[in-house]
Amino acid sequence: MKYLNILAIVLHLAISSAEFFSSTSSLEQLLRTEVILLSELQNYVNEIKEHAELLQSEIDAIKAEHLSASDSIEGYLNNPVNAFRLIKRLHSDWETFESNVENEASRINYLEAIAGHRENLSYPTKEDFVGTALALTRLQQTYQLDVGELASGMLNGVKYGAPMSWQDCFVLGQHLYELRDYNNTVPWLQQSMQLLVQQHYAEESASLDFMEAVVSYHQAMGDYQNALSLINHVLSVQPEQRLHLLQTRFQLEQLIRDGVKRGLMHEVMRSPGDYHASREYQLYQQVCRQELTPTSSAQRELRCRLHSRLAYVPYKLEELHLDPYVVQVHDVISPKDSIALQKLARPELQRSQVYTLGGSDPTSANFRTSKGTSFHYGKHPAMQRLRQHMSTISELNMNSAELLQIANYGIGGHYEPHMDSFDETHDYSQDVDSTNRLATGIFYLSDVEAGGGTAFPFLPLLVTPERGSLLFWYNLHPSGDQDYRTKHAGCPVLHGSKWIANVWIRLRHQDQVRPCKLERNHEISLPYKNYS
């Protein structure tokens, strides 16, 4: 594969809407697709009996990754860099392989085989590709990751997998440019060029031509310093052949010297109402990074205790916050039940949706990237046990509980700060139940190696996913008003696969077990209603 073919990549928009990026469970289909494509490409190389060195080097590199993945496919796919590179290869590189053999006499067998596979195998869409790009930048921003370390396969100082190539970094930067995310485009293009310089062919004319092309990206964005650095490098290698760059270098030096601030980076500013620029969003990110934690005084009254009402074996309950009441109950679900619930959910997973303002039909949204499905509790004994655990621990009437929702978070999967309870605009006429969500329970069905915690920005509290445990809290004040302090979020999954089972209990039929108080006591949470 010619390394400069990256400029000629045409993104293929598959008809499938599988949305592989939103769930690690779905990525296994893509790995199987690439196994078959590798086999077909190997057959082609064997047929022509030539030393196709570049093609073979690509095959060997991908095979090495697959060999590494075979030790733990789940562990391989849980790495966001591996997932991005897998989707990137299937979305763009394989089309480049096909174009390279179009002029070969023996290409017919290979191309016919590939055409036959396309109807039966799973391929990522452009949405998957963009989703993985956004996921990597989300992880980078939320956890303040260094681009160089992320590209090398390092996540928070831990080496998880193979590094990204200069082509990987360029394609990522190119798509961020198209998405007008210029602040994140700059470091990825810079990383791409740093990696290209390290290649044995870096001083060839074609490589230098490519670097000149990247200069135009930096110039257009107003990133004059990186543009100047690239030009200086090209001139240092071919000073006589690149005299046309001297004028551009002079202009860039003048712009830097004069402190000129113009270009796409300076023109595209966040709107005043952009939630990602709000104080609340910054709090959320700080809690995910554990820069904000509950004060010592807030933790002083917290207790760990055994909760044994109606239970043969006492529950190990840990108080995380008293007002609002948030607890984590440990060792509730057995590993066997956790695996069984994941297995039942996998074939049914669909892109998770959210309610829009006014309570109209739910829809998918970029601020929630996961896949989920819902079950009646009678579907399986493990689900019935979850229902019983929730009833015993919460002492609430489970007859008013919604269906059990099982969800799996994919590459950088997250759910930005939100309320589980409904505000005054909610349309209950379209609702099966006519009352608000009193309480929430999250059963963690898996551990998560890094990231993926449940964050409460206003408490501020971060709960680490612990397989087998239950996180429980009340969404409403005893008066029935919304408790805005319970706004919470799912931090991006940095490494691992996050599986949860959500339980939402409605207010209806709870008057005997948790009667509403006549006086309203919701004022304490009102400052957080429109926090910005």
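Along the sequence shown, residues carry numbers from 1. Only a predicted model underlies this, so the values are computations on that prediction, with no experimental measurement involved.
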Atom [atom1] of [X] and atom [atom2] of [Y]: how far apart are they, to the nearest 0.5 Å?
| X | Y | atom1 | atom2 | value |
| --- | --- | --- | --- | --- |
| Tyr284 | Phe458 | OH | CZ | 13.0 Å |
| Leu320 | Trp473 | CG | CH2 | 11.0 Å |
| Ser278 | Gln282 | OG | CD | 6.5 Å |
| Leu228 | His233 | CG | NE2 | 13.5 Å |
| Lys159 | Asn79 | NZ | CG | 9.5 Å |
| Asp181 | Asn184 | CG | CG | 4.0 Å |

Tyr76 vs Leu31, side chain to side chain contact (heavy atoms under 4.5 Å, CB included): CA-CA, chis, key distance, verdict: CA-CA 10 Å; Tyr76 174 84; Leu31 201 62; 4.1 Å; yes

Which atoms form the tightest heavy-atom contact between [X] and [Y], and what is the distance?
| X | Y | value |
| --- | --- | --- |
| Val260 | Arg262 | CG1-NH1, 3.5 Å |
| Ser370 | Ser352 | OG-OG, 2.7 Å |
| Leu494 | Leu155 | O-CD1, 3.5 Å |
| Pro492 | Tyr143 | O-OH, 2.5 Å |
| Leu86 | Leu77 | CD2-CD2, 3.9 Å |
| Tyr177 | Tyr182 | O-CE2, 3.6 Å |

Side-chain heavy atoms of [X] within contact of [Y], under 4.5 Å:
| X | Y | result |
| --- | --- | --- |
| Asn43 | Tyr110 | no |
| Tyr160 | Asn82 | no |
| His117 | Glu40 | yes |
| Leu176 | Thr137 | yes |
| Phe129 | His175 | yes |
| Tyr528 | Glu280 | no |
| Val158 | Asn156 | no |
| Leu264 | Arg180 | no |

Taking [Y]'s backbone N and O only, do any of them form a donor-acceptor pair with [X]'s side chain (distance below 3.5 Å, no angle check)?
| X | Y | answer |
| --- | --- | --- |
| Gln141 | Leu136 | no |
| Asp447 | Arg467 | yes |
| Thr454 | Gly490 | no |
| Thr33 | Ser122 | yes |
| Gln199 | Leu195 | yes |
| Asn226 | Gln190 | no |
| Gln482 | Ser421 | yes |
| Asp168 | Ser165 | yes |
| His488 | Met419 | no |
| Ser68 | Ala64 | no |

Going by distance alone, is a donor N or O of one side chain under 3.5 Å from an acceptor N or O of the other, for [X] and [Y]?
| X | Y | value |
| --- | --- | --- |
| Asp128 | Thr125 | yes |
| Gln42 | Lys63 | yes |
| Asn408 | Ser497 | yes |

Distance flag, aromatic centroids of Trp166 and Phe210, threshold under 6.0 Å: yes

Side chain to side chain contact (heavy atoms under 4.5 Å, CB included) assessment of Lys487 paired with Phe456: CA-CA 6 Å; Lys487 181 171 279 192; Phe456 295 82; over 6 Å; no

Qualifying side-chain hydrogen bond (donor to acceptor under 3.5 Å, both in side chains) pairs with a residue from residues 239-255, counting only residues at least two apart or across chains: Asp209-Arg242, Glu212-Arg242, Glu212-His244, Asn232-Arg249, Gln238-Arg242, Gln254-Arg257, Gln254-Asp258

Atom CD of Gln350: over 12 foreign heavy atoms under 6.0 Å: no

Gln299 atom CD, over 12 foreign heavy atoms within 6.0 Å: yes

Residue pair Tyr415, Tyr409: steps toward the ring pair (Phe, Tyr, Trp, His ring centres under 6.0 Å) verdict: CA-CA 9 Å; Tyr415 193 174; Tyr409 285 79; 7.7 Å; no

Chi angles and distances behind the side chain to side chain contact (heavy atoms under 4.5 Å, CB included) call for Asp93, Gln167: CA-CA 10 Å; Asp93 290 2; Gln167 295 98 325; over 6 Å; no

Charged tip of Arg118 within 45° of Tyr123 ring normal and under 6.0 Å: yes

Cationic N near anionic O, under 4.0 Å, Glu127 to Arg351: yes

Ionic contact status for Glu58 with Arg89, cut-off 4.0 Å: no

Residue pair Ile87, Leu27: steps toward the side chain to side chain contact (heavy atoms under 4.5 Å, CB included) verdict: CA-CA 9 Å; Ile87 286 182; Leu27 287 171; 4.1 Å; yes

